[in-house]
*Asks:* 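Here it is, the structure, as structure tokens.
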Amino acid sequence: MSIYRTHTCGQLRGSDAGKEVKISGWVHRKRDHGGLLFIDLRDHYGLTQCVINSDNPVFAEIERTRLENVIMITGEVVTRMAGTQNKDLPTGEIEVKIKTFELLSSPVTDMLPLQVNAEENYGEEVRLRYRFLDLRRETIHKNIMLRSDVIYSMRRRMVEQGFREFQTPILTASSPEGARDFLVPSRLHPGKFYALPQAPQQFKQLLMMSGFDRYFQIAPCFRDEDARADRTAGEFYQLDMEMSFVTQEDVFTVMENVIGGVFEEFAEFTGTKQAVSPAPWIRIPYDESMLKYGNDKPDLRNPLVIVDVSSVFARADVEFKAFKGVIDKGGVVRAIRAPKVSDRPRSFFDKLNAWAQSEGAPGLGYVTLEGAEGKGPIAKFLPAGAMEELLKLTGAESGDAVFFAADVADKAASLAGKARTKIAEEMDIIEKNTFKFCWVIDYPMFELNDKTNKIDFSHNPFSMPQGGLKALQTQEPLKIKATQYDCVANGLELCSGGIRNHMPEAMEKAFEIAGYPAGAVQEKFGGMYNAFKLGAPPHGGCAFGIDRIIMMLAKEPNIREVIAFPMNQQAEDLMMGAPSPAEPHQLKDVSIKLDLPKAAVKDIKQAS
RNA sequence: GCGGGAGUAGCUCAGCUGGUUAGAGCGUCGCCCUGUCACGGCGAAGGCCGCGGGUUCAAGUCCCGUCUCUCGCGCCA
């Protein structure tokens, strides 16, 4: 038996009445009635009310104990008197009548920088600097437990699907594509650097070429890019997986089981049951997603869709110059049907118009429909025939409104996409309490870099072009699709993946199209290139962002709420004082001399 | 790098068109209180109003600059 406790603070029930127990924990809250004192004792498992009255010799001492002191008490479990039981507390039927008391921690004498027993929105700086206190608080403590449970569930489900977990190097080579690397100087090789992996991409492919067939890893990934609310500074975790002898449908099936299963398992974490899309999840080609939703991460909780109505405004009998001018310059007009809003006050439309202007658009044009007749600022430019065509394209009916976005294709798509969200929010028609999954498929293999006007890989140079080498040799590069896909839930990108290009000839051709010199593949991906030539199986996989999944399950708007020790937006760890200057001898070891910019290097003050 | 918001007690915040001694809740300290569970009551300590300039008889409040935090853009194959 533990010398510290016979029970946890969440354990005792009415049936334990009469037992002599010993429990330890933090002083969560005190209620001092003079001759009678209540202490809520808290540990990881819960709260237990402890009570002592003034005839006990330790009363005076325990009365002085401060919040967040760690104490151990012994006493008798007693059933609370009728009318004093607390139904909100699992242990609320009983209390522990304190006999002895011992302080286990150094007594708290400093002021607490944040209060553990309150669910206030404390500032990020205080929370991160005193993260150990913050993590004692109920909500985030539960989030971190959820994280553990989710990761365990992922592991179990992956193993059940026949996957094995691997570890891949943290000190590895810089990858020439993608985000900025974190570099680690090499002591043994002056002037050379390791890079922390942005993803274990090449290693997992090499494991397939090593014949392991099904790989997964709870993989730490490092990218030296700025943070966002849904993107941590520096590092994050992925459920990374890869499998051999598969098509993309095989990958989808596995992950619909695993991720769908995880979401089902934790769908009620917040207390409200969330529905989860049943498998198979909808597949949406990239081009269709860009048209109908205005981006490649559609939020399917929003019932509105975008349609192209350029043909309406291109008609000879339509004389709306603003849109015609856009079309003449090669642009498009996109429309969003908003059902049953024609009776909304003018302010509804004005607000949306003002919003569009704040997004940099000239405005958000619209027509409302009463019967077959159009009203609103643009309606007068639409004669009967054009109106008929508009209704046919959009499916709009009497009582609806149709909003327009006109610009060059990608800008019109982007504005229409944002407008789709904004209009749905204003209408309050976004489905609640549901996780809506889809796969976005058929990403383009290449794209035109609008700065250099050259062809780049649009996503990931490792994915197999649809049609293979032959497609690369015979098709217009910008029309070639990659076997590349994303998984999206509620408008949040959760995963990216692809069927990989395992044919060295096709890899070389793809890099040639993207403007790399001959031999580039061999130079950049030497290990993998050799493996491709010595018997590479067809393979593919994907990687799900674990932090984002937990964030969704916990319904947290900020990713730091599901990470125990995140860095702040400036990629600083205020608690540990990272990053910090290196000692001169450390720099000498790795043959580095500093050449600092004139802005002084900031010292991050450690918690004191 | 750029834009929005914020910065007042240990913490969360209030502080009006500039106007006497800058307030509240929690926490801390002292006193009272034997059934509370956000216990209650009385009292006290605690403030470079982020920092630096400026305007003014007078600045937490207005102006300029700057720093910090945060949200977004860029960036994130």
Side-chain angles (χ1 to χ4, degrees), chain A residues 27-42 47-56 59 63-64 66-68 78 80-89 91-92 95 97 108-130 133-134 137 175-181 198-199 201-202 221-234 236 358-360 443 445-447 449 451 456-463 482 484 486 493 496-498 514 524 543 545 557-558 560 568-570 572 574 599-600 602 604-605:
Chain A
V27 177
H28 185 68
R29 194 170 267 131
K30 281 162 65 185
R31 290 176 295 280
D32 190 344
H33 292 245
L36 181 73
L37 171 68
F38 296 99
I39 288 183
D40 290 338
L41 198 63
R42 182 194 76 239
L47 282 180
T48 297
Q49 173 166 288
C50 305
V51 63
I52 186 168
N53 61 40
S54 50
D55 49 26
N56 186 315
F59 182 84
E63 199 178 25
R64 280 196 303 274
R66 274 178 51 170
L67 299 186
E68 297 308 311
V78 295
R80 297 200 201 177
M81 288 182 292
T84 67
Q85 301 194 337
N86 186 342
K87 290 189 189 68
D88 298 330
L89 213 56
T91 61
E95 61 194 0
K97 207 173 168 198
V108 173
T109 52
D110 291 349
M111 214 56 82
L112 293 172
L114 56 84
Q115 277 162 247
V116 175
N117 62 22
E119 284 293 325
E120 294 218 50
N121 289 320
Y122 298 105
E124 288 275 336
E125 184 158 14
V126 166
R127 292 184 59 195
L128 293 181
R129 196 179 288 277
Y130 297 95
L133 275 182
D134 191 32
R137 300 198 303 148
S175 167
E177 307 296 327
R180 198 176 290 118
D181 283 319
Q198 296 183 25
Q201 180 68 30
Q202 294 183 63
C221 303
F222 305 90
R223 295 179 188 176
D224 188 3
E225 299 293 350
D226 289 353
R228 291 284 184 276
D230 64 352
R231 206 169 77 202
T232 48
F236 61 99
S358 76
E359 290 289 321
Y443 273 80
M445 184 79 192
F446 302 102
E447 67 187 5
N449 183 320
K451 281 178 199 146
D456 281 347
F457 286 110
S458 71
H459 222 270
N460 173 327
F462 302 106
S463 60
Q484 173 81 37
D486 277 7
E493 182 193 319
S496 226
K524 289 172 188 298
N558 192 302
R560 289 186 295 268
N568 69 6
Q569 201 186 37
Q570 273 62 245
E572 297 164 330
L574 299 172
K602 293 181 299 179
I604 298 164
K605 288 202 183 79

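Chain naming here is simple, since letters A, B, ... match the order of the sequence lines and numbering starts at 1 in each.
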*Asks:* What is the minimum heavy-atom distance between A:P113 and A:V126, and which atoms define it?
*Replies:*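 Residues A:P113 and A:V126, closest heavy atoms: O-CG1, 3.6 Å.
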*Asks:* Using whole Å, what does the distance between atom C1' of nucleotide B:G10 and atom CZ of A:R129 come to?
*Replies:*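 Going from CZ in A:R129 over to C1' in B:G10 covers 14 Å.
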*Asks:* Calculate the interatomic distance between A:E493 atom CD and B:C76 atom P; express it in whole Å.
*Replies:*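 That distance rounds to 13 Å.
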*Asks:* Would you tell me if any nitrogen or oxygen in the side chain of A:R31 comes within less than 4.0 Å of OP1 or OP2 on B:U36?
*Replies:*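 Result: no.
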*Asks:* Which is true for A:Q569 with a 4.0 Å heavy-atom rule: it touches a base, it touches only sugar-phosphate, or it touches nothing?
*Replies:*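 Base, at least one base heavy atom under 4.0 Å.
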*Asks:* Which part of the nucleic acid, if any, lies within contact of A:F38, taking any heavy atom under 4.0 Å across all strands shown: a base, the sugar-phosphate backbone alone, or nothing?
*Replies:*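 Counting heavy atoms under 4.0 Å across all strands, the contact made by A:F38 includes a base.
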*Asks:* With the side chain of A:E225 defined as its heavy atoms from C-beta on, choose the nearest nucleotide among B:C33, B:C76, B:G35.
*Replies:*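 Among the listed nucleotides, the one closest to the side chain of A:E225 is B:C76.
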*Asks:* Assuming nearest nucleotide by heavy-atom distance, tell me which of A:N53 and A:L114 is located more 5' along RNA chain B.
*Replies:*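 With A:N53 and A:L114 compared, the 5'-side residue is A:L114.
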*Asks:* Whole angstrom is fine here: how far is it from CG in A:D224 over to C1' in B:G1?
*Replies:*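 Result: 15 Å.
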*Asks:* On a whole-Å scale, what distance lies between the P atoms belonging to B:A9 and B:G50?
*Replies:*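 Taking atom P in both B:A9 and B:G50, they lie 8 Å apart.
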*Asks:* Side chain of A:Q49, base of B:U36: donor and acceptor closer than 3.5 Å?
*Replies:*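 Check passes, donor-acceptor contact within cut-off.
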*Asks:* In whole Å, what is the span from the NE2 atom of A:H33 to the C1' atom of B:G40?
*Replies:*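 Answer to the nearest Å: 8 Å.
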*Asks:* What verdict does the side-chain contact (heavy atoms from CB on, under 4.5 Å) test give for A:E95 and A:T84, after you've listed the backbone C-alpha separation in whole Å, the side-chain angles of each residue and the deciding distance to 0.1 Å?
*Replies:* CA-CA 10 Å; A:E95 61 194 0; A:T84 67; 5.9 Å; no
*Asks:* If we take the P atom in both B:U8 and B:C2, what is their distance in whole Å?
*Replies:*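 Roughly 25 Å separates the two P atoms.
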*Asks:* I need the OH-C1' distance between A:Y122 and B:G25, as an integer number of Å.
*Replies:*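 Rounded to whole Å, this separation is 11 Å.
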*Asks:* Distance between the P atoms of B:G27 and B:U12, in whole angstroms?
*Replies:*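 Nearest-Å result for B:G27 against B:U12 at atom P: 15 Å.
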*Asks:* Hey, what do you get for CG (A:D486) to OH (A:Y443), rounding to the nearest 0.5 Å?
*Replies:*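 The distance works out to 3.5 Å.
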*Asks:* With heavy atoms under 4.0 Å as the rule, sort A:R127 into base, sugar-phosphate or nothing.
*Replies:*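 Contact class for A:R127: none.
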*Asks:* Could you work out the separation of B:G7 and B:U61 based on their C1' atoms and round it to a whole Å?
*Replies:*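 So the two C1' atoms sit 15 Å from each other.
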*Asks:* Figure out the CZ/C1' separation between A:F59 and B:C33, and round it to whole Å.
*Replies:*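 For the pair A:F59 CZ and B:C33 C1', the rounded distance is 10 Å.
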*Asks:* Considering only atom C1', compute the distance from B:C67 to B:A22 and round it to an integer number of Å.
*Replies:*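 That atom pair is separated by 24 Å.
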*Asks:* What integer distance in Å separates A:D110:CG from B:G46:C1'?
*Replies:*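 Nearest whole value for this atom pair: 15 Å.
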*Asks:* Nearest heavy-atom pair of A:H28 and A:L67: which atoms, and what distance?
*Replies:*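 That closest heavy-atom pairing would be O-CD2, 3.8 Å.
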*Asks:* Might you work through the side-chain contact (heavy atoms from CB on, under 4.5 Å) test for A:R29 and A:F38, ending with a clear yes or no?
*Replies:* CA-CA 8 Å; A:R29 194 170 267 131; A:F38 296 99; over 6 Å; no
*Asks:* Taking only residues two or more places apart in sequence, or in another chain, which ones meet A:R31 in a side chain to side chain donor-acceptor pair (under 3.5 Å)?
*Replies:*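 Result, side chain to side chain donor-acceptor pair (under 3.5 Å) vs A:R31: A:D40, A:Q49.
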*Asks:* Base, sugar-phosphate alone, or nothing: which one does A:D456 contact when heavy atoms must sit under 4.0 Å apart?
*Replies:*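 Answer is nothing: A:D456 stays at 4.0 Å or more from every strand.
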*Asks:* Give one of base, sugar-phosphate or nothing for A:E95, where a contact means two heavy atoms less than 4.0 Å apart.
*Replies:*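 It contacts base atoms.
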*Asks:* Expressed as a whole number of Å, how far does the C1' atom of B:U34 sit from that of B:A24?
*Replies:*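 Per the computed distance, 31 Å lies between those C1' atoms.
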*Asks:* For B:C37, which nucleotide is its Watson-Crick or G-U wobble mate, given both distances must be under 3.5 Å?
*Replies:*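 In the structure as shown, B:C37 has no Watson-Crick or wobble partner.
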*Asks:* Can you give me the closest heavy-atom contact between A:M445 and A:A482, atom names plus distance?
*Replies:*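 Here A:M445 and A:A482 meet closest at SD-CB, 3.6 Å.
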*Asks:* Using Watson-Crick or G-U wobble geometry with both distances below 3.5 Å, tell me the partner of B:G60, or none.
*Replies:*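 Pairing partner: none.
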*Asks:* Base, sugar-phosphate alone, or nothing: which one does A:N558 contact when heavy atoms must sit under 4.0 Å apart?
*Replies:*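 Counting heavy atoms under 4.0 Å across all strands, the contact made by A:N558 is with sugar-phosphate only.
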*Asks:* Which atom pair, heavy atoms only, marks the closest approach of A:A233 to A:A227?
*Replies:*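 So the minimum-distance heavy-atom pair works out to N-CB, 3.6 Å.
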*Asks:* For the C1' atoms, the ones on B:C75 and on B:A38, what distance do you get once it is rounded to whole angstrom?
*Replies:*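 Approximately 45 Å lies between the C1' atom of B:C75 and that of B:A38.
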*Asks:* Who is the Watson-Crick or G-U wobble partner of B:U20, with both distances under 3.5 Å?
*Replies:*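 Answer to the pairing question: none, since B:U20 forms no Watson-Crick or G-U pair.
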*Asks:* For A:D134 and B:U12, what is the distance between atoms CG and P respectively, to the nearest whole Å?
*Replies:*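 Between P of B:U12 and CG of A:D134: 11 Å.
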*Asks:* For RNA chain B, whose closest nucleotide is more 5', that of A:M81 or that of A:Q201?
*Replies:*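 Whichever sits nearer the 5' end wins; that is A:M81.
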*Asks:* Pairing check on B:C73: which nucleotide meets the Watson-Crick or G-U wobble criteria with it, both distances under 3.5 Å?
*Replies:*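 Its partner is B:G1 (Watson-Crick or G-U wobble, both distances under 3.5 Å).
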*Asks:* Both distances under 3.5 Å, Watson-Crick or G-U wobble: report the partner of B:C26, or none.
*Replies:*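 B:G10 is the nucleotide pairing with B:C26.
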*Asks:* Got a donor-acceptor pair under 3.5 Å from the side chain of A:D40 to the base of B:C37?
*Replies:*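 Check fails, no donor-acceptor contact within cut-off.
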*Asks:* Rounded to the nearest 0.5 Å, how far does CG of A:L36 lie from CG of A:N53?
*Replies:*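 Rounded to the nearest 0.5 Å, the CG-CG separation comes out at 6.0 Å.
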*Asks:* Donor-acceptor check, side chain of A:R560 to backbone of A:N568, threshold 3.5 angstrom: yes or no?
*Replies:*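 Side chain of A:R560 to backbone of A:N568: no pair is present.
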*Asks:* Tabulate atom names and distances for all N/O pairs under 3.5 angstrom spanning the protein and nucleotides 26-30 of chain B.
*Replies:*
residue, atom, partner, partner atom, Å
B:C26, O2', A:Q115, OE1, 3.3
B:C26, O2', A:Q115, NE2, 2.1
B:C26, O2, A:Q115, OE1, 2.9

*Asks:* By the 4.0 Å heavy-atom rule, please label A:E119 as base, sugar-phosphate, or nothing.
*Replies:*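 Result for A:E119 = nothing.
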*Asks:* Compare side-chain N and O positions of A:Q570 against OP1 and OP2 of B:U70 and report whether any pair is under 4.0 Å apart.
*Replies:*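 A:Q570 to B:U70 OP1/OP2: side-chain N or O found under 4.0 Å.
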*Asks:* Take atom P in B:C49 and the same atom in B:C32, then report the distance between them in whole Å.
*Replies:*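 That atom pair is separated by 37 Å.
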*Asks:* Looking at A:R80 and B:U36, is any side-chain donor or acceptor paired with a base atom of the opposite kind under 3.5 Å?
*Replies:*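 When only heavy-atom distances are counted, A:R80 does reach the base of B:U36 through a donor-acceptor pair under 3.5 Å.
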*Asks:* Check every atom of B:U68, B:C37, B:C76 against the side chain of A:R231 and return the nucleotide holding the closest atom.
*Replies:*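 Between B:U68, B:C37, B:C76, the one nearest the side chain of A:R231 would be B:C76.
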